[in-house]
Amino acid sequence: MRELDGLLRTHNCGELTKSNVGNEVELCGWVNKYRDLGGLHFIDIRDKFGLTQLGFESFGGDLAILKQVSLESVIWARGKVCERPASALNKKMATGEVEVQVIELKILSQCNIDKLPFLPTAKVEATEDLKLKYRYLDLRSQKLQKMLKVRSNAAQKARNTLIDAGFTEVETPILFKSTPEGARDYIVPSRIHPGKVYALPQSPQTLKQLLMIGGVDKYFQIIKCFRDEDLRADRQPEFTQIDIEASFVSQEYIQNLATKLMASLFNLSEDFSISVMSYQDAMRDYGCDKPDLRFDLKHHIFTDIFKASDFKVFSSVAQAGGLIKGIFISEEMGTFSRKDTDSLIEVVKPYKGKGVAFFKIENGELKGGISKFITAEILKEFPENGNGTWFFAADTDHGISHACGDALRRHFADKFKLHSDGYSFVWINDFPLLEWDRDLKRFMAVHHPFTMPKKEQLDDFLNGDPTDPEGPLKDLLAEAYDVVCNGYEIGGGSLRIFDSKVQDQMFKALGFSKEEAQSQFGFFLEALDYGTPPHGGIAFGFDRIIMILAGTDNIRDTIAFPKTTSASDLMAQAPSGVSDEQIKDLHFKWD
């Protein structure tokens, strides 16, 4: 496509080839390198597209200007494209067969090299904090330029796919009402309404359902969401979702649409499909609801096997109704030193694990760890008894055993490089609808308060006792689904409640009084009474998708101006203080 007229350059710094030899061109960019070879002067000029070598044998101006050209200064050069001699070809550069013999040179912006905190193209990278503080310098790197391009292309593909499927893009408010959705809200005090606040949306959940009530039929939006929660490598306080909602649809429709969207974003074949796994199977076999299926290493359940064992740690867990899980690492996968096995406590400690038990099998002989407690009768019950090592996670809290087993599984995959190449997708279905919170002594929504129970369990839901943790409510399943890729949950959704009686029962099950439900969601509950179509949707974590597409394991790489793990912006020094005048205007007080 032809560039618009009015640019300061005729070409970018990555496109000149032998076909341009003899042409007069104009280039703009940053000074990447300057070389003075005893009277022969060369500058490598750089932009986001690449590098071009500038020569000065034909320069008509004063060469003294070159002494003013510091690295990272912005320059403009006019000259003629020449073919390089064979001895000077550079096969590592896309433009390595040519150079531009400069006729005219201008310094557009001088870089103060003495103050420059780091060179964005240096072989030795700056520290992470320094790169975040001077993010605009780090953005000059090819790595981050690639991230921005991948992100832009993915957004365009998502829009095209959804618009082709009949969806309408609709913007929803950023300043909205604070509603409990699982994480803390970021709130914005109101100057006009003293003592009241807006909330930045954790997701546009109620808004997109209101769009369905409003007859929009098929909605999507690529939207910023905000959650004030503890951060990690794949989480930021503000993040982007591809948000989707549609009326008169089944779970099958949403999953087929999502599969088509993934095929577009990941450049997969038209016959691409995604396998399905139940939540229960995922937890049993992998210890988490977002299993990485690029490698095997399934968990095995040993609770019953160790109930009568002489190993009191395990037998007490088993007899108390706990859970014992094991993972087998065959000798072909890898072996372990004493240092390796001792260090596994650090792998499970973040998940409240108290330790990792193990024993080795070498040519039928049991060695190390808890081997003295493994009798011949117990070993017969093991699904694998070839050469290798068994590792165990055990706790009376099933959640801890699952989490520690998952942590070990991922640790071993990283240690022995067990991941296969490519993308491994899986749908996780049949999630629990509710889970009992022992501290709060009430049920919590596993997804959110607007998720529809399974149709065949609706009567049990409507008649269940919200105060009974062992009643029928604990066994109900949700019309919910997550899509997982390479161990990351990249999307999640559900069919929504569209009957006000069902929604009332949901709030009751979650411990809301009528007054609380009305205060928090009155606008939405009223809308349900005015004719609501059955509807459902899904939201994709756009930043996580870009992580996978770009081959990085840090979500900050995918965002132009990210926050640190303490939710700080080192570049802008945010969050920051406010003036006394602002405090007065907003009618709030500091502690």
Side-chain angles (χ1 to χ4, degrees), residues 1-4 12 48-49 144-174 201 203-205 207-209 211-212 214-225 236 238-274 422-427 481-486 488-494 533 535-552 555 557-560:
M1 183 180 72
R2 184 176 178 274
E3 288 268 24
L4 297 176
N12 65 55
K48 66 176 285 185
F49 304 100
L144 292 190
Q145 288 295 325
K146 174 190 172 187
M147 297 286 178
L148 295 179
K149 185 65 174 176
V150 168
R151 189 179 181 103
S152 175
N153 289 344
Q156 183 177 359
K157 285 182 179 180
R159 281 194 168 90
N160 291 343
T161 299
L162 292 168
I163 288 172
D164 287 348
F167 282 75
T168 302
E169 186 169 8
V170 182
E171 295 180 33
T172 54
I174 293 299
S203 75
Q205 183 59 50
L207 289 163
K208 62 186 179 182
Q209 291 190 248
L211 288 173
M212 296 302 101
V216 172
D217 194 68
K218 290 181 178 181
Y219 141 93
F220 86 94
Q221 183 178 195
I222 300 177
I223 183 176
K224 283 282 189 183
C225 300
Q236 282 272 297
E238 54 178 306
F239 57 96
T240 304
Q241 284 185 180
I242 306 174
D243 209 49
I244 298 169
E245 198 80 8
S247 295
F248 307 111
V249 295
S250 64
Q251 184 176 144
E252 180 185 17
Y253 174 85
I254 297 295
Q255 291 185 327
N256 286 340
L257 175 72
T259 300
K260 184 176 181 180
L261 181 58
M262 292 302 98
S264 173
L265 292 179
F266 287 85
N267 295 319
L268 302 171
S269 63
E270 290 186 3
D271 60 353
F272 164 70
S273 63
I274 301 177
Y423 307 119
S424 180
F425 289 87
V426 61
W427 282 109
Y481 34 85
D482 284 357
V483 61
V484 175
C485 180
N486 293 2
Y488 292 102
E489 177 201 329
I490 59 171
S494 66
H535 58 285
I538 191 168
F540 288 94
F542 189 55
D543 311 293
R544 288 184 184 172
I545 288 174
I546 304 306
M547 277 177 59
I548 299 170
L549 285 172
T552 181
I555 206 166
D557 291 342
T558 73
I559 299 170

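Position 1 is the first residue of the sequence; numbering continues from there.
For the residue pair Arg544 and Glu489, the shortest heavy atom distance occurs at NH1-O, 2.9 Å. Taking every heavy atom of both residues into account, Cys485 and Ile548 meet most closely at O-CD1, 3.6 Å. Nearest approach of Thr172 to Pro204, heavy atoms of both residues: OG1-CB, 3.7 Å. Nearest heavy atom pair, residue Gly422 against residue Asn486, reads O-ND2, 3.3 Å. Smallest separation of non-hydrogen atoms from Leu549 and Ala154: CD1-CB, 4.3 Å. Nearest heavy atom pair, residue Ile538 against residue Ala258, reads CD1-CB, 4.3 Å.
In this structure, the side chain of Arg151 does not engage the main chain of Ile546 through any donor-acceptor pair within 3.5 Å. Between the side chain of Glu245 and the backbone N or O of Leu211, no donor-acceptor pair lies under 3.5 Å. Of the possible polar contacts, one joining the Asp543 side chain to the Thr240 backbone as a donor-acceptor pair under 3.5 Å is found. Side-chain atoms of Asp243 never come within 3.5 Å of backbone atoms of Phe220 as a donor-acceptor pair (strictly under, hydrogens ignored). Listed for the Ser152 side chain is no donor-acceptor partner under 3.5 Å among the backbone atoms of Leu148.
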Take Ser203 and Gln241 through the side chain to side chain donor-acceptor pair (under 3.5 Å) test and state the conclusion after the steps.
CA-CA 8 Å; Ser203 75; Gln241 284 185 180; 5.3 Å; no
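Contact check for Asp217 versus Phe248: side-chain heavy atoms found under the 4.5 Å cut-off. Put simply, the side chain of Val249 does not reach to within 4.5 Å of the side chain of Leu257, judged on heavy atoms. Tyr423 places a side-chain heavy atom less than 4.5 Å from the side chain of Leu268.
From Trp427, atom CH2 reaches atom CD1 of Ile254 across 8.5 Å, with rounding to the nearest 0.5 Å. For the atom pair CD (Gln255) and CD (Glu252), the distance works out to 8.5 Å, reported to the nearest 0.5 Å. The CG atom of Leu207 sits 12.5 Å away from atom CD of Glu171, with the distance rounded to the nearest 0.5 Å. Of the inter-residue distances, the one linking Met147 atom CE with Asp557 atom CG reads 4.5 Å to the nearest 0.5 angstrom. Atoms SG and CD, from Cys225 and Gln205 in turn, are 10.5 Å apart once rounded to the nearest 0.5 Å. Between atom CD1 of residue Ile274 and atom CE of residue Met262 there is a gap of 7.5 Å, rounded to the nearest 0.5 Å.
For the salt bridge (Lys or Arg N to Asp or Glu O under 4.0 Å) test with Glu169, the passing option among Lys218, Lys208, Arg159 is Arg159; the others fail.
The six-membered or imidazole ring of Phe266 lies near that of Phe425, with a centre-to-centre distance under 6.0 Å.
Heavy atoms of other residues, nucleotides or ligands lying less than 6.0 angstrom from NZ of Lys157 number more than 12. Heavy-atom contacts from other residues, nucleotides or ligands closer than 6.0 Å to NZ of Lys224 number more than 12.
Ring geometry, Tyr253 versus Phe167: the interplanar angle falls under 30°, so the pair is classed parallel (tilted spans 30 to 60°).
Here Thr161 pairs with Lys260, Leu261, Ser264 under the side-chain contact (heavy atoms from CB on, under 4.5 Å) rule; sequence neighbours left out.
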